[in-house]
Amino acid sequence: MDKDPGLTTGTLARRLGVAPTTLRTWDRRYGLGPTARTSGGHRRWTPDDVAAVERMCGLTATGVPPAEAARLAAGRRDGEEAARLAARGRGGEAAPERAAGGCGEETAAHAGHGTTRGPLGDHQATHRERRGLARAALRLDSPSLERQLTAAVEAYGVTTAWEHVIAPVLHAVGRKWASSGERYVEVEHLLSWHVSTALRHRTTPVTGPDPIVLACVPGEQHTLALEALHAGLAELALPVRMFGAAVPVPALTAAVDRLGPSAVVLWAQTRSTANPAPARRIAGARWGVRGARRGPLVVLAGPGWLGRSGEGTVRPGSLRDALGVLSRGRGPA
């Protein structure tokens, strides 16, 4: 019986989130293949082989052309050359695409998302970053996810990074999960965790009167978009109180009474959680001395509120719109 024969191509492909044909193509084109054989003659991937392919994946995710990435992964270039090529792939020259040259399923990066037309000087930049982020998620590569998310938020700011890099990849991974019989759940969970971590690292608490209250409605567990709004408000140096997922109505109304916020944002991902009654109740809250009583602006955020706005409420269509509404509602920061 073979002792530690190594991984099969199918097992390694599943671990990295690539198609087995991609690994076979890399072997055929670049010599980056399995070096061990079982007693029966079957080829197997040793730990060194796996490490080389993981390096290949990391380099192609940053935009390094596959042939160059293969040479680097096999140890044929020094570290300085590797860094130069990775930097070129990220921001300088666009890496040429090849059918089997990437690491990860192209579907997740490209499903419905071409180059971004937004407030960016280089529209191709976010396309490359979406592709790299999706590939890292598919191969469950936590270090790469952390690096790429941090770099995107630092380069573009929270709003642009969310709208043009992070949200499109989250949506594409969600569609891939929904269309594949509940496969890729682990990909969505890992990606969501790292997105949340990156956003919280950009969130510094701000003190001040009349804070903005952020809360998910009862029964709503999806918080990522609300966390993006929290981070965006922090960039504007606006005071915020974030209450997170599934906040009970009595707790939310008690917080509103105690804080006297300028605005209350209620997030609902689905129509089943978007109950207008608590929104109306909060919109009707008043405090202050007689003759100068005031209440909060109620912002209905999320797709669950579609078609459900009411008196005293507004429904922005995007993160950027919500930040504009909330910053205007407070006047000059």
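Bear in mind the structure is a predicted one, so any value in this text is a computation, not a measurement.
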Report task. Decide yes or no on side-chain contact (heavy atoms from CB on, under 4.5 Å) for Cys216 and His222, but give the supporting numbers first. Result -> CA-CA 8 Å; Cys216 289; His222 296 84; over 6 Å; no
Leu297 vs Val325, test: side-chain contact (heavy atoms from CB on, under 4.5 Å). Steps then yes/no.
CA-CA 10 Å; Leu297 171 68; Val325 166; 3.8 Å; yes
side-chain contact (heavy atoms from CB on, under 4.5 Å) for Trp162 and Leu224? Distances and angles first, verdict last. CA-CA 10 Å; Trp162 174 262; Leu224 279 183; 4.1 Å; yes
Residues Leu306, Arg315; criterion side-chain contact (heavy atoms from CB on, under 4.5 Å); working and verdict: CA-CA 8 Å; Leu306 183 63; Arg315 185 180 176 276; 3.9 Å; yes
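Closest approach of Val217 to Ala268, counting heavy atoms only: CG2-CB, 4.0 Å. The heavy-atom pair separating Pro261 from Pro296 by the smallest distance is O-CB, 3.6 Å. The shortest non-hydrogen separation linking Ala215 to Leu252 is CB-CD1, 3.9 Å. Across all their heavy atoms, Cys57 and Trp26 have their closest contact at SG-CH2, 4.0 Å. Shortest non-hydrogen contact noted between Ser144 and Arg139 is OG-NH2, 3.7 Å.
If you chain together hydrophobic residues whose side chains sit under 4.5 Å apart, Ile166 and Leu190 fall into the same group. Leu259 and Ile282 fall within a single hydrophobic cluster, where Ile, Leu, Val, Met, Phe, Trp and Tyr side chains are chained together by heavy-atom contacts under 4.5 Å. Leu236 and Val158 fall within a single hydrophobic cluster, where Ile, Leu, Val, Met, Phe, Trp and Tyr are joined by side-chain heavy atoms under 4.5 Å apart, directly or via other members. Neither Val249 nor Val256 shares a network with the other; the hydrophobic side chains, linked directly or stepwise wherever heavy atoms of I, L, V, M, F, W or Y lie under 4.5 Å apart, form separate groups for each. Taking hydrophobic clusters as Ile, Leu, Val, Met, Phe, Trp and Tyr residues chained together by side-chain heavy-atom distances below 4.5 Å, Val240 shares a cluster with Val314.
Side-chain contact check for Gln221 versus Gln269: every heavy-atom pair is 4.5 Å or farther apart. Between His164 and Tyr156 the shortest side-chain heavy-atom distance does not fall below 4.5 Å. Side-chain atoms of Ser262 and Ile212, non-hydrogen and from C-beta on, do get closer than 4.5 Å to each other. Leu145 has its side chain out of reach of Asp141: every pair of non-hydrogen atoms, C-beta onward, lies at least 4.5 Å apart. Between Leu214 and Arg241 there is no side-chain heavy-atom pair separated by less than 4.5 Å. Counting heavy atoms from C-beta outward, Asp210 and Pro239 have side chains that stay 4.5 Å or more apart.
A donor-acceptor pair shorter than 3.5 Å can be found between the side chains of Arg320 and Thr160.
Going from atom CG of Leu149 over to atom OG1 of Thr197 covers 9.0 Å, rounded to the nearest 0.5 Å. Annotation: the span from Gln148 atom CD to Arg131 atom CZ amounts to 10.5 Å, rounded to 0.5 Å. Taking CE of Met242 as the reference point, atom CG of Leu233 lies at 10.0 Å (rounded to 0.5 Å). Between Ser196 atom OG and His230 atom NE2 the span is 11.0 Å, to the nearest 0.5 Å. Remark: Arg130 CZ to Arg135 CZ distance equals 12.5 Å, nearest 0.5 Å. The distance from atom CG of Leu140 to atom CG of Leu191, rounded to the nearest 0.5 Å, is 10.5 Å.
In this structure, Thr223 contributes its side chain and Leu226 its backbone to no donor-acceptor pair below 3.5 Å. Side chain of Thr150 to main chain of Arg147: no donor-acceptor pair is present (N/O by atom type, distance under 3.5 Å, no hydrogens or angles). The backbone N or O of Pro34 lies less than 3.5 Å from a partner atom in the side chain of Arg43, making a donor-acceptor pair. Formation of a donor-acceptor pair under 3.5 Å by the Asp27 side chain with backbone atoms of Arg24 is not found in this model.
Screening Val165, Leu170, Leu138, Val195 for a side chain to side chain contact (heavy atoms under 4.5 Å, CB included) involving Leu133 leaves a single residue, Val165. None of Thr313, Leu266, Thr273, Val299 except one satisfies the side chain to side chain contact (heavy atoms under 4.5 Å, CB included) rule with Trp305; the exception is Leu266.
Counting non-hydrogen atoms of other residues, nucleotides and ligands closer than 6.0 Å to CZ of Arg15 gives a total of 12 or fewer.
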